[in-house]
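Just so you know, these numbers use all the heavy atoms, side chains as well, and skip hydrogens, waters and symmetry mates. Each chain gets a letter, A, B and so on, in the order its sequence line appears, and its residues count up from 1.
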Amino acid sequence: MQSRDRYWGSPRIKPLFLISSLTVPTVLLLSLCSQAQQKASLATAKAKPGKAVAVKPVAEDPETYWTNHVEPLLDKQCFKCHAGVRQQGGLDIRSLDTILRGGGSGPEIVPGKPAESRIINYISPKADDHMPPDPKKQLTPEEIGILKTWIAMLPVPKSKLATGKSTDNTWVADYLADYRRSLPKRDVFPASAPASTAIDWFLQSDWKRSKVEPAHLSSDLVFARRIYLDLAGRIPSLDELRQFVADKSSDKRTRLIDTLIASDDYPKHMREVFDTVLMGRPAPNNARARVDRGWNTYLETSFRANRPWNEMVHDMLVARPAEGPTHGADWFLGEKNNSYQAMAEAVAPVAFGVQIKCAQCHNHPLAWEIEQRHYWGLVAVFNRSKNVDTETGPGVAESAVGGFISFANLKKETQPAGLVFLNGKSVAEKVPGANDKEVDSPDLYVVPPAATGKRAHSPAIPKFSRREAFANAVTHDNPQLARAFVNRLWADLMGRGIVAVVDQIDSRHHASHPELLEWLGHDFEQSGYDVKRMVRLIVSSRAYQLDSKPVGKTPPSPDDFARSLDKPLSAEQLLHSLWIATGTRVEPPKATEMEQTFCAKFPDIMAENYNPSLQQALFLTNSPMLDDLLKPTPGSTVTKLMALKTNEARVRDAFSAVLGRAPDTSELQQCQSMLAAQSPEKGARNLLWALLTCAEFQVNH
Amino acid sequence: MTQDNEPIEGMGQCNTPDHTIHRRKFLQGVVGAGAASLMSWNGLFSMNAFAAQAKKQGKHCILLWLCGAPSQFETWDPKPDSIYGGPFGSIPTKIPGVRFGEMMAKTATIADKLSIVRSMKTKQGEHFQAISLLQRGAPPREPFVRPTLGSVLAQQLGHLDSPIPNFILLDPCPEGNEYKEFKAGNWAGWLGAQYGPVRAGGEYKLADVKRLADTTTQDFEQREALRKFLTRKYENERASAAASSQNAVFNRVKGLMSCADLFDLDKIDPKDRARYGPGTFAQHTLMARNLVENGAPFVMVSNGMPWDAHVFQHEIYQMLVPEVDKVIYNLITDLEERGLLDKTLVVMMGEFGRTPWLNVARGRDHYPDAWSLAMAGAGIKKGVVVGATDSDGIDVTEKPFDEKNLFATIFSALDIDPYAEYDEADIATFYRVEDHAAPIKEILL
């Protein structure tokens, strides 16, 4: 089982079928044509036809030039027929890798030599067999120039390329390795420097390069609120806040971080986040089972004990509910109720950091490295599983036989699903011949299934377990696992992933700081997938602790990470913080009911787009649940405010209790003016409502 | 990020001095926390002159979104003589020489009020992509998200400070696989969250619309004014898009509360409810009519994906087609009776059509190669059939149209420039309809 790094584009097995270049049904085709292009790349004014455009030397390296200029051009002109859904002439044109392999006639380009490159001949206006086939949609001389420029930038291969209709692609891997070595080494973090300085080192190099001015460091008040929300899932109480501010020691932030990670709130908060990240919000009839089947407890126990992430993933994939630390992990598969496709689709983001849904019926239309056979290979990993009820409790059994499936592409060509995975690894297994009948027998098992009519003692475990083989393949020597986790954690803590779409770390979604992501992934792996360590690494960085207010006229782009980003509170963070701010104690079952309601009303965690809904605004405005927290019960914030003598005192205390700071002059004036027109009780309640529903409270900043 | 004394975008159609004065007064009332409002919100909109003015100029659109994709064979383009025609016959309609599927009996009697397109030819046969294609009018261009039809029309036909939401999605069935996924996605795209839909789904009423008993109007207005002030301050100090979205959404709460009854089916005449039929699709189409009557610019009615009959096509369509037949008939005749049909564009479609042949489970599968849709109302000719398919319904033989042609038609019918360029910041060059695709002239007035 050789490991390959899919992220950079690695050799892969040639497709088992080549699509005929003749009639192609047009039924399922993702059209990628569009008018819009990045204004930097394509000239909107077309040059006169026939005017040759010279190959200009460019400042960028070929990889950056590809991303900025070549890929958008090919996307517009060529991907429709030469990408994931459709490969005319067998040619996939989405990457250097696939271009070098060509479409069964050898490489489409000769690196370094545009004049000798087949693709240049095809796109010339005078070519016989010219591309694109539509005479109205030819490439302009500028566009042809871009391709020539790119080819010229590539290092010339050391060995002579096979010409003609050669299908020998073995040279491609070596060439790509040479190519990657030839790219300029940017941002190599010195190995001798302490790991704790890495994040800031990478970001500061980038800021210097882009001339971005980072925000100031956050104040104690701002930092305290943020770190409590991010590590404990709640705002600090007023006492906790005051204690922190009063502390004069120089390392108080580090010590607060340590205290919070060691607290009981940390595993609970991590469970709240990762339950939703791994399994989505539960359907109403599934919510109880996540508790009853031990899933929530499993997550909390694992995060509390800092169980290595790769072992946690192994637990979930193998799904054998032993007593002890792995109990409850099987619910990750169990909840999917024998839907193997649902399992495959849930596993791909965890094991590889990608969404695999788009590769069910055809190769992924955009990301060339995600193929249909990866989707079905992943389904095959799980399709010997079955939810069972046994004497030792329910679980997910696994058969020793069966589960040999085939899948069809859009042209109805079928192939058998082998155990091949997105990280380049595969698992060999004996496939029965067409006429062989597999016979199940107890000696194929470590724990055999029950005899018919009887109840098993515990869920069946076969000697050769596909789930276990897969779990081993992805939890060891699989950089994608580390990278996927780190990107998610970064998004959770920093407000945005290094790859912004957190579960699509594929060739079409570019990292804002690729070297940083790679370094973090590598560090995480080397540390033994130590979650607490990575959490600490991120929140201890200066970048994490920056203030949210921009410095200078224009705010920096979010992917600069040059200031702290808005992170709308999750349902759980919001509810727990509301309880603290309003000084109310809510016990089960009312507390559970409130949690369920809030999770239903505010379901998003790490959403790609923040879209507050009208329904959420209505809930905050008219729901009795929030209103109850504002009633003058003994010891509540409202009661305390009412007991104060002046409106100014009320405003100051309300700001402290809710926002953890003092009001400024204009705020004081506005609030006092409202209180003056209202009774003490109404005034206190309305003041608190406004503070609790305003952006500063609703958002972690 | 608007300042309070700047004009609100989208106010193009209401420039009477009357309206400008009232708006300014209203805004003064809201911003000054503690200052008494010069007139109440509800009063503003119950002022007869203003309300009448708003209604007169307004155009509306109702989209009957037949998600899952209805079969053209059993509805608009029957082929009873073909081996693929299925067991249902065809019937004559009010349009001479034009026949519908036999289960469309009531709609056949008002065919002369509709226009039918029988030559839709699109390229997307997978639900999620096709729903997106037919909702947005163009294929995706990552990372930009083109706004859906409803969001564009909400911006063009609606007013940002109108109490009634500009984009209403009546979708009581939360399920529907790919449609459910689509619903969870980004509807408003680059236009911004304030043009997303308000959804009534799952229940027949909107949740949390009634003010609590001990919250007075003064409580409501003054605390909301304070919340808005604090949020805008946060937005300005931090250039925060999150805060801006929040204010945009809270701005609409009051308006929605004031028209909450429009979302309550119990408030609709039971005779009307009986006439439309008992299903949720029927009831919500009735609600859509009611909403449009009260000024809603765009209402989309859907109900999961029942049309996606991969299994037992004919058995399932025996239930679905008579229902939609009754619904279309009642909606169109009601709108006409109320003098609303000329101002309301009704679009009836799914995301593609269904295959001529049956699969092994006796279902029709997806078929974007040749399918039908129907339109009626504002800007649309009456009694026109455009485009044709061959005798087996396999291919379009005359005048193929795609989603771009469709959207050009919809915008033209509503007097919206189809080829205007979007001038939002931070996006590439996009037009409402790309490639200058022609509208379907044959059905446009």
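The pair A/D566-B/R238 does not count as a salt bridge, with every side-chain nitrogen at least 4.0 angstrom from each carboxylate oxygen. Taking a cutoff of 4.0 Å between a charged side-chain nitrogen and a carboxylate oxygen, B/D208 and A/K601 qualify as a salt bridge. With respect to the salt-bridge test (charged N to carboxylate O, under 4.0 angstrom), the residues B/D214 and A/R685 qualify.
Looking at every heavy atom in both residues, B/L230 comes nearest to A/A690 through CD1-O, 4.1 Å. The minimum heavy-atom distance linking B/L212 with A/S623 is given by the pair CD1-O, 3.9 Å. Of all non-hydrogen atoms in A/A617 and B/V249, the two that sit nearest each other are CB-CG1, 3.4 Å.
With a 4.5 Å cut-off on non-hydrogen atoms, A/T693 touches chain B through its backbone and its side chain both. Contacts between B/F128 and chain A at a heavy-atom distance below 4.5 Å are absent for every atom of the residue.
Between B/F250 and A/L620, the closest side-chain pair of non-hydrogen atoms falls below 4.5 Å. Within the 4.5 Å cutoff, no side-chain heavy atoms of B/L226 are placed close to those of A/W689. The shortest side-chain heavy-atom distance between A/N622 and B/K210 does not fall under the 4.5 Å cut-off.
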Item checked: Derivation of the side-chain contact (heavy atoms from CB on, under 4.5 Å) call for B/V198 and A/Q615 -> CA-CA 8 Å; B/V198 170; A/Q615 281 80 355; 4.0 Å; yes

Next item on the list: Show the numbers, then the answer: is there a side-chain contact (heavy atoms from CB on, under 4.5 Å) between A/N611 and B/W187?
Entry: CA-CA 10 Å; A/N611 278 328; B/W187 289 75; over 6 Å; no

Item checked: Evaluation steps, side-chain contact (heavy atoms from CB on, under 4.5 Å), between A/C694 and B/F229 -> CA-CA 9 Å; A/C694 78; B/F229 164 78; over 6 Å; no

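Every residue was checked against the side-chain hydrogen bond (donor to acceptor under 3.5 Å, both in side chains) condition with B/S245, not counting sequence neighbours, and none meets it. With sequence neighbours excluded, no residue forms a salt bridge (charged side-chain N to carboxylate O under 4.0 Å, His left out) with B/D402.
The choice from A/D664, A/D604, A/L687, A/L688 that makes the most heavy-atom pairs within less than 4.5 Å of chain B is A/D664. Looking only at heavy-atom pairs under 4.5 Å with chain A, the residue among B/E237, B/K233, B/R252 that has the most is B/K233. Heavy-atom pairs under 4.5 Å with chain B peak, among A/A607, A/G683, A/S666, A/P555, at A/S666.
Distance check: B/R199 CZ to A/L614 CG gives 13.0 Å after rounding to the nearest 0.5 Å. The CD atom of A/E696 lies 11.5 Å from the CD atom of B/Q246; values are rounded to the nearest 0.5 Å. Taking NE2 from A/H701 and OH from B/Y234, the interatomic distance works out to 4.5 Å, rounded to the nearest 0.5 Å. Considering NZ of A/K682 and OG1 of B/T215, their distance stands at 6.5 Å, rounded to 0.5 Å. Taken to the nearest 0.5 Å, the CZ atom of B/R223 stands 10.5 Å off from the CG atom of A/L692. One finds the CG atom of A/L618 at 5.0 Å from the CG atom of B/L256 (value rounded to the nearest 0.5 Å).
A side-chain donor-acceptor contact under 3.5 Å links B/Q222 and A/Q678.
By the 6.0 Å contact criterion, CD on A/Q669 is open, its count of non-hydrogen atoms from other residues, nucleotides or ligands being 12 or less.
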